[in-house]
K.L.:
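For reference, the structure I am asking about is given below.
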Amino acid sequence: MNSWLWWLKTLRRAVEAFFFPVRCLACGQWTEKGPVCKDCYEKLPWNRKSCPVCARPYPPEVPPHPCGDCLQPRAFDRVIAPLRYEPPVSEWLQGLKFREDFVLARDLAVLLKEALAKEGPFDLVIPVPLSPKRRRTRGFNQAALLARWAFGGFEEILARRRETLPQSELPARERRRNVRGAFGLRKPQDLSGKHILLVDDIFTTGATAEECARVLKRAGALRVTVAVVARA
Ligand SMILES: [Zn+2]
Ligand SMILES: [Zn+2]
């Protein structure tokens, strides 16, 4: 490489590092390319073996097969969840829930986008909405934050129709009842033939995603792919 070219590149990297510093999300070291350094990237709890429909984590020795929940048709078509909800990922997502951390959102969005590189194209990107009350107290919606960083924008098509209890405080069997009928379209519209990407931070029992997907399908959506950072 020409030496002036090398200098130019080095200068550019220095400028970038100054204005857009990237620290490894896991170990905090400066890295050239985020969001995690090479060593930490290898060690992340990747969700490599999982249910082909809902991404439920499987042990490595299990052959590919749909899980018990997915033997019945589900309202969504597929869940993409690159990581498992284990430390340090669980800590990051907890962090994102309680503070509007743009760097953290940007870093997690990179991982989400990577996982979706071979998927799509999507006609619409829709974050799972927060209830107006929680939106007011929290001030932001972490699903919308992820969607904005990963895809540059999103459509606010879904709305919460009523307040629900936080899913994380309920046992699995009550979660479905808690969110039943809780979502609707903001305004009536025809989603015929659309492939929709529904974005959220985490997928646990899937009650929320299922309910949102049901609303979208009822409005005509052809496919609903759910994208989350982590699968519990
Ligand atoms: Zn690291
Ligand atoms: Zn499944």
Side-chain angles (χ1 to χ4, degrees), residues 13 16-17 20-96 101-116 119 128 149 167 171-173 175-176 179-180 195-214 216-217 221 223-232:
R13 213 172 300 150
E16 274 181 3
F20 308 101
V22 179
R23 271 182 187 274
C24 170
L25 200 50
C27 71
Q29 287 194 63
W30 297 104
T31 67
E32 213 171 286
K33 192 177 150 285
V36 282
C37 73
K38 244 186 181 159
D39 290 346
C40 294
Y41 193 89
E42 298 300 320
K43 287 186 227 144
L44 287 181
W46 295 105
N47 190 18
R48 289 208 173 93
K49 251 309 174 44
S50 65
C51 168
V53 181
C54 75
R56 177 195 298 262
Y58 287 161
E61 66 280 6
V62 172
H65 69 284
C67 76
D69 286 351
C70 296
L71 292 176
Q72 309 287 334
R74 305 199 70 163
F76 49 75
D77 295 86
R78 216 177 135 208
V79 178
I80 312 253
L83 295 153
R84 296 183 179 191
Y85 193 69
E86 291 165 18
V89 180
S90 47
E91 289 150 26
W92 298 340
L93 289 173
Q94 284 289 326
L96 194 63
D101 185 333
F102 289 108
V103 175
L104 184 58
R106 174 196 69 184
D107 288 354
L108 295 175
V110 170
L111 298 173
L112 191 61
K113 204 175 168 185
E114 252 176 36
L116 286 157
E119 310 289 331
V128 170
W149 277 110
Q167 291 286 78
R173 63 198 150 74
R175 292 184 179 205
R176 195 164 293 181
V179 291
R180 187 161 295 153
H195 184 184
I196 291 173
L197 186 69
L198 182 68
V199 180
D200 208 354
D201 52 351
I202 170 182
F203 185 110
T204 307
T205 63
T208 303
E210 188 103 43
E211 199 60 31
C212 289
R214 197 169 295 138
L216 297 169
K217 286 273 171 91
R223 279 180 72 76
V224 176
T225 298
V226 181
V228 293
V229 174
R231 180 68 163 92

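Position 1 is the first residue of the sequence; numbering continues from there. Just so you know, ligand 1 is whichever comes first in the structure, and atom 1 is the first atom listed for that ligand. Note that these values count all heavy atoms, side chains included, but never hydrogens, waters or copies made by symmetry.
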K.L.:
Just to the nearest 10 degrees, tell me the angle at the Zn ion (ligand 2) spanned by Cys70 SG and Cys51 SG.
P.N.:
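Vertex at the Zn ion (ligand 2): approximately 110°.
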
K.L.:
Is the number of heavy atoms from other residues, nucleotides or ligands within 6.0 Å of NZ (Lys113) greater than 12?
P.N.:
no

K.L.:
So do the side chains of Leu108 and Leu104 get within less than 4.5 Å of each other, counting heavy atoms only?
P.N.:
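With C-beta onward as the side chain, the pair touches.
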
K.L.:
Out of the candidates Gln167, Arg175, Arg176, only one should pair with Thr208 under the side chain to side chain contact (heavy atoms under 4.5 Å, CB included) rule; please name it.
P.N.:
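Looking at Gln167, Arg175, Arg176, the match for Thr208 under the side chain to side chain contact (heavy atoms under 4.5 Å, CB included) is Gln167.
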
K.L.:
SG (Cys37) to the Zn ion (ligand 1) to SG (Cys27): angle, nearest 10 degrees?
P.N.:
110°

K.L.:
Look at the aromatic rings of Phe76 and Phe203 and report parallel, tilted or perpendicular, splitting at 30° and 60°.
P.N.:
perpendicular

K.L.:
Could you please compute the angle at the Zn ion (ligand 1) from SG of Cys40 to SG of Cys24, rounded to 10°?
P.N.:
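Taking the Zn ion (ligand 1) as the apex, the two atoms subtend 110°.
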
